[in-house]
Amino acid sequence: MKLKNIANLFQKDLKASRGWLIFVSIGIVLINLYIWLKLSSLEIPEMRDPLMLLSASVIFPIIILMFVRGISVLKSERDNRTLEYLKALPVSGFEIITSKTLVLAIEALVYVFFFIVGFAINLNMDSNISMRPNVWSFIYLTAFVWLFATMGLMLQAIGMSARRYGKIIGFLSFIAISWITNKLFEVLQPLIDKLPSVSVLFLSSETLGDNEQPISLGILILFVVVSVIYAVAAGAIIENKMEV
Amino acid sequence: MKGLIEIDGLTKRYGRTIALGNISMEVGEGEIVGILGPNGSGKSTLLKVIAGLVRPSSGRVTVFGMKPGHGVRKLLAYMSENDYLYRWMTVKELVEWTSKFHDNWSMDKTQALLEFFDIDWGLKVANLSRGMRGRLKVALAFSREVPLYLLDEPLSGIDAASRSKILDILIREYRPENSTILLSTHLVMEAESLFDRAIFLKNGEKIIDEAAENLRDRYGASINNIFIQIYG
């Protein structure tokens with residue numbers, strides 16, 4: 001793999017993702033702003049809970065969105081016929097996928113940043129609870145969200161490499177890969193437990209007191225390793241199977 | 001004549017459909033070869049196999065002595081018949097971005113070609129007419145100084161003025177020394193004067209592969225008339 005090629009592809013892919021980055025970031029900020037305004041105007045403290053739940057649940061559309069983005073970064077190249085232009089360049093499938101997964105990682109980081117910051121601000125409005133996220137919060141959640149993006153990317157590569165029944169093959173692959181990933185996590189659980197943990201955030205409340213929230217480093221490593229496996233598989237499919 | 005492209009027993013199947021059936025051929029340096037045939041005869045598939053964009057189902061293909069792939073694509077310029085340019089880029093962005101991948105890119109040549117084709121650098125690709133995009137594709141291919149050019153239907157679907165510019169001036173004026181050009185087309189009349197050699201494809205099979213002059217002598221007709229006789 002040539003770093004120069006990856007850098008050139010990355011430059012193009014990042015530019016192509018600008019619209020998504022801006023649109024989704026504004027969306028997350030607006031949702032959090034809406035919740036913040038609602039919270040500010042509340043007089044009955046019990047009504048805070050549904051709003052905090054809403055603020056926390058913003059992560060679910062982000063996960064789904066990143067999965068769809070993983071699919072769409074390849075699908076849009078095919079639909080716009082630009083995949084042929086890309087494949088006619090002297091670049092390998094691995095370079096194409098590396099660039100796309102890096103852009104997806106940046107997207108994941110940006111969305112996670114706005115989500116965590118918004119959630120923390122809204123949560124800290126309650127004088128009874130305070131939450132202080134640290135760098136690890138961003139890293140863990142970004143890696144988790146990125147995992148779904150790379151899964152989408154790989155499934156799309158599988159679907160596109162099949163000349164017929166691409167959607168069915170992609171769907172069956174989705175079920176198979178979800179099951180394999182789940183099993184992998186189960187099998188590796190004892191190993192994960194042995195690795196040191198890091199504190200991902202600090203929570204303080206009247207009922208629970210002050211709490212560090214530790215998570216094993218093994219989980220982070222697993223997220224990253226599985227994402228890289230997905231990306232390598234997608235690269236191998238583009239390099240060896242995909243025709244334009 | 002040194003074999004730049006060597007193809008032996010090439011077959012490409014898509015399910016039950018045979019796109020190319022048992023094609024064998026050799027292309028040497030400095031030839032302009034017309035790959036001729038109606039739609040669906042396998043012209044595009046043949047060029048894509050040579051460019052490494054489509055894998056053969058069976059047979060052996062070597063280009064510059066190598067198996068087609070991204071290594072080979074450093075040494076050839078491929079132009080698709082499809083509208084495959086990044087439409088959200090400006091012409092300048094597309095040219096600059098594409099040039100970064102190629103050591104053999106001549107920006108002077110790009111400038112001369114775009115000027116000749118009346119293409120504004122600042123325009124978005126999406127805002128160019130189809131004919132202009134056709135011209136831009138040719139300009140991008142010929143901005144590179146490579147021993148092999150694969151041009152897939154550079155004349156189809158574009159206006160007469162663009163076809164004339166692409167044919168009469170570009171290939172004659174800008175043709176690099178000793179380079180080989182494989183040009184597929186079903187618009188034979190306009191392109192036939194360029195061909196050193198003509199390969200006729202029908203339903204994925206090669207039915208004629210001969211020097212253009214020999215063909216004209218043998219049939220006593222132009223390549224275009226031979227084309228009409230065969231496919232008409």
Side-chain angles (χ1 to χ4, degrees), chain A residues 1-23 72-74 76-100 103 160-166 169 235-244, chain B residues 12-17 19 44-45 47-57 66-90 93-94 96-105 125-126 133 136-137 140-141 144 146 149-152:
Chain A
M1 286 210 290
K2 274 189 178 176
L3 280 177
K4 185 187 147 203
N5 285 348
I6 295 169
N8 291 336
L9 291 167
F10 178 77
Q11 181 198 351
K12 185 267 298 174
D13 287 331
L14 191 61
K15 213 168 179 183
S17 295
R18 269 185 319 187
W20 274 99
L21 265 169
I22 295 166
F23 180 73
S72 72
V73 289
L74 259 187
S76 64
E77 296 272 12
R78 186 194 59 183
D79 293 350
N80 299 326
R81 294 175 178 269
T82 48
L83 190 61
E84 191 175 354
Y85 193 79
L86 207 51
K87 284 212 77 178
L89 295 170
V91 295
S92 70
F94 295 104
E95 287 164 349
I96 292 170
I97 286 297
T98 303
S99 155
K100 291 196 184 299
V103 169
M160 279 166 63
S161 65
R163 289 209 72 83
R164 299 171 78 186
Y165 312 119
I169 290 169
I237 291 165
I238 290 190
E239 180 66 18
N240 301 309
K241 290 278 173 207
M242 200 176 287
E243 297 182 335
V244 288
Chain B
K12 177 64 190 175
R13 286 187 205 89
Y14 293 111
R16 288 179 188 171
T17 310
S44 297
T45 308
L47 292 186
K48 282 180 181 178
V49 169
I50 294 168
L53 303 176
V54 165
R55 291 181 316 283
S57 302
M66 295 180 276
K67 202 177 155 191
H70 61 267
V72 164
R73 287 196 291 272
K74 288 178 188 166
L75 301 169
L76 63 83
Y78 167 80
M79 194 210 101
S80 170
E81 67 170 325
N82 294 322
D83 209 354
Y84 71 155
L85 304 175
Y86 284 95
R87 287 168 163 252
W88 54 269
M89 290 188 187
T90 64
E93 283 170 342
L94 184 66
E96 286 178 350
W97 181 71
T98 308
S99 69
K100 288 177 186 170
F101 292 95
H102 303 291
D103 300 330
N104 40 31
W105 191 278
V125 174
R133 287 200 296 275
L136 178 58
K137 287 194 291 183
L140 288 167
R144 293 179 58 204
V146 285
Y149 295 85
L150 305 175
L151 308 178
D152 191 8

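Below, chains carry the letters A, B, ... as their sequence lines are ordered, and counting in each starts from 1. Heavy atoms only: backbone and side chains are in, while hydrogens, waters and symmetry mates are out.
- Put simply, CG on Leu85(B) and CD on Glu84(A) are 10.5 Å apart, with the number rounded to the nearest 0.5 Å.
- Residues Tyr84(B) and Tyr85(A) approach most closely at O-CB, 3.3 Å, considering heavy atoms.
- Between Leu53(B) and Lys87(A), the closest heavy-atom pair is CD2-O, 3.3 Å.
- Heavy atoms of Leu76(B) lying under 4.5 Å from chain A are absent altogether.
- Between chain B and the options Asn5(A), Leu86(A), Asn8(A), the largest number of non-hydrogen pairs under 4.5 Å is found for Asn8(A).
- For chain B, the nearby parts of Ala16(A) are the backbone and the side chain; heavy atoms of each come within less than 4.5 Å.
- Around NZ of Lys4(A), the count of heavy atoms belonging to other residues, nucleotides or ligands within 6.0 Å exceeds 12.
- Taking NZ from Lys100(B) and CG from Leu9(A), the interatomic distance works out to 10.5 Å, rounded to the nearest 0.5 Å.
- Residue pairs meeting the salt bridge (Lys or Arg N to Asp or Glu O under 4.0 Å) criterion with at least one member in residues 11-20 of chain A, sequence neighbours excluded: Lys12(A)-Glu77(A), Asp13(A)-Lys100(A), Lys15(A)-Glu93(B).
- The distance from the CG atom of Leu89(A) to the NE2 atom of His102(B) is 5.0 Å, given to the nearest 0.5 Å.
- The choice from Tyr86(B), Tyr78(B), Tyr14(B) that makes the most heavy-atom pairs within less than 4.5 Å of chain A is Tyr86(B).
- Your options are Arg55(B), Met89(B), Lys48(B), and the one with the most heavy-atom pairs under 4.5 Å with chain A is Arg55(B).
- Heavy atoms only, all atoms of each residue included: Ser92(A) and His70(B) are closest at CB-CE1, 3.4 Å.
- Annotation for Arg81(A): atom CZ does not count as buried by contact number, only 12 or fewer foreign heavy atoms lying within 6.0 Å.
- Across Lys137(B), Met79(B), Lys12(B), the residue that shares the most heavy-atom pairs under 4.5 angstrom with chain A is Lys12(B).
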